[in-house]
Amino acid sequence: MDKFKAMQVFVTIADKGSLTGAAEHLNTSLTSVVRTLAALENHLEVRLFHRTTRSIVITDEGREYYTRCQTILAEVTEAESRLTDRQTEPQGKVTVTAPVTFGKRHVMPKISQYLSRYPKMQVDLLLLDRPVDMLSEGVDVAVRIGRTGNHNLVARQLGTMRHVLCASPAFLSAHQSVLSPESLNGLPAIHLRVLESPSEWMFTKGGKSQKTALSSRLTTNQVDAALEACVSGVGFCRFLHYQVAELVQAGKLVIVLPDYEPHPLPVHLLYAPVKLQTKRLRTMTDWLTGPLQQDLIQIAESGKER
């Protein structure tokens, strides 16, 4: 069995939603598609689709395999394309999205360098603190912190991001007994709406999770406002690590209870597999990947903890 061809057939069946549609798209016979799928399922020893005379529905195992196959096929397409258009210069427009603060600090500088390197390229950068439906909103590349959501996209992991609890040095001097999540009960807190519940925070240690009730003095949907309040000593606040890394290094904020942090969130670069058929998308994803990975490493290594 040609495994690569079998993957192509399987992905096409999933995309088209039928065996007949896959056969037409691949310009082959229905019999060939059925036999290839059967051989693949026998090889994997799993059922990839639930099939009846009227419908075909992908299984949970099939959905997981679909995501992996998309990544593999996209990488092969990328490798082949590099050999054929190495001498051509990319041109056109790429739409990129990222979280607002992360985009300003870490994505925008890379975009500026990219535009200097490729003068025929245009970039539409959307900085949004909300999940973007890339396909319906016409986004080519997304930097996403947290769950990736759409399984039809290729997710290239760049690293991880901690979810840290911070306070100002002056505030901590007035509250010396913060040794555990329970110590936070009744102490003033700042709630950043985009991250979690306004009434409680989740903490994790040794595989066990616990919730701690909050006494929120300030609630806001803006990261900059929460940062200013936290630095001013209004209370504790929880941030993604990149949002406070510079302030921690400058001694204006201190990370507290690091042993109780939730599991780090994955950071991915997302794009549709078919998009890699264009050089402008390949150059953009390659341009962002290495530098952003390095930024995430530097963020992870930065900071003083208490």
Side-chain angles (χ1 to χ4, degrees), residues 1-85 88 90 92-97 124 126 131-144 147-157 266 268-286:
M1 180 184 65
D2 184 335
K3 292 183 182 179
F4 184 74
K5 178 181 177 181
M7 287 183 186
Q8 289 178 311
V9 170
F10 163 68
V11 168
T12 304
I13 295 171
D15 288 340
K16 298 300 179 181
S18 74
L19 298 171
T20 302
E24 293 176 352
H25 181 79
L26 295 169
N27 195 27
T28 188
S29 67
L30 177 60
T31 301
S32 175
V33 169
V34 171
R35 287 177 178 172
T36 300
L37 176 60
L40 181 60
E41 289 182 325
N42 288 336
H43 173 72
L44 297 173
E45 298 183 346
V46 297
R47 180 65 64 85
L48 298 173
F49 295 99
H50 295 300
R51 300 188 288 280
T52 68
T53 56
R54 295 185 176 181
S55 67
I56 182 168
V57 180
I58 195 167
T59 63
D60 290 340
E61 294 81 4
R63 191 172 292 107
E64 179 180 353
Y65 188 58
Y66 174 83
T67 302
R68 300 299 179 94
C69 286
Q70 275 196 313
T71 301
I72 293 170
L73 295 175
E75 293 294 340
V76 172
T77 299
E78 179 180 8
E80 293 176 343
S81 298
R82 287 179 187 278
L83 297 178
T84 60
D85 64 5
T88 62
K93 187 174 82 168
V94 177
T95 300
V96 180
T97 187
D124 186 359
L126 305 176
V132 173
D133 187 328
M134 295 178 62
L135 299 181
S136 67
E137 297 185 47
V139 174
D140 299 306
V141 182
V143 177
R144 187 160 298 172
R147 296 174 57 188
T148 58
N150 194 327
H151 296 291
N152 294 325
L153 299 172
V154 174
R156 181 185 294 182
Q157 183 158 354
H268 288 96
L269 198 66
L270 303 180
Y271 48 87
V274 69
K275 295 291 188 179
L276 280 185
Q277 294 178 6
T278 62
K279 186 171 184 179
R280 61 179 180 270
L281 263 297
R282 290 197 304 278
T283 56
M284 175 59 76
T285 54
D286 286 349

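Small disclaimer: the values here were computed from a predicted structure and weren't measured.
The main-chain N or O of Ala142 is never found under 3.5 Å from a side-chain atom of Thr97 such that the two would form a donor-acceptor pair. In this structure a side-chain-to-backbone donor-acceptor pair under 3.5 Å is present from Asp140 to Thr95. With hydrogens and angles ignored, the 3.5 Å screen pairs a side-chain donor or acceptor of Thr285 with a backbone N or O of Arg282. With hydrogens and angles disregarded, a donor-acceptor distance shorter than 3.5 Å links the side chain of Arg144 to the backbone of Val132.
Every side-chain hydrogen bond (donor to acceptor under 3.5 Å, both in side chains) that Glu137 has, sequence neighbours left out, goes to Arg130. The side-chain contact (heavy atoms from CB on, under 4.5 Å) test applied to Pro131 returns no partner, not counting sequence neighbours. Take Asp124 and apply the side-chain hydrogen bond (donor to acceptor under 3.5 Å, both in side chains) test, not counting sequence neighbours, and it matches no residue.
Nearest heavy-atom pair, Leu153 versus Gln70, reported as atom, atom and distance to 0.1 Å: N-OE1, 3.9 Å. Taking all atoms of both residues into account, the shortest heavy-atom contact from Phe49 to Ala14 is CZ-N, 3.9 Å.
Note on residues 38-51: pairs passing side-chain hydrogen bond (donor to acceptor under 3.5 Å, both in side chains), not counting sequence neighbours, are Glu41-Arg51.
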Handout entry: Check against side-chain contact (heavy atoms from CB on, under 4.5 Å), Tyr271 and Met284
Key = CA-CA 11 Å; Tyr271 48 87; Met284 175 59 76; over 6 Å; no

Problem - Criterion side-chain contact (heavy atoms from CB on, under 4.5 Å) on Val96 and Val139, from CA distance to verdict - result: CA-CA 6 Å; Val96 180; Val139 174; over 6 Å; no

For residues 21-40, which side-chain donor-acceptor pairs fall under 3.5 Å, sequence neighbours excluded?
unit_1 : atom_1 : unit_2 : atom_2 : d
Ser29  : OG     : Ser32  : N      : 3.1
Thr36  : OG1    : Ser32  : O      : 2.9

Can you list, pair by pair, the side-chain donor-acceptor contacts under 3.5 Å of residues 1-12, counting residues two or more places apart and other chains?
unit_1 : atom_1 : unit_2 : atom_2 : d
Asp2   : OD1    : Phe4   : N      : 3.2
Asp2   : OD1    : Lys5   : N      : 3.1
Thr12  : OG1    : Gln8   : O      : 2.7

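Atoms CG and CD1, from Leu19 and Ile56 in turn, are 4.0 Å apart once rounded to the nearest 0.5 Å. The structure places CD1 of Ile13 at 10.0 Å from CG of Asp15, a figure rounded to the nearest 0.5 Å.
For the pair Ile58/Leu48, no side-chain contact is recorded, criterion being any heavy-atom separation below 4.5 Å from C-beta on.
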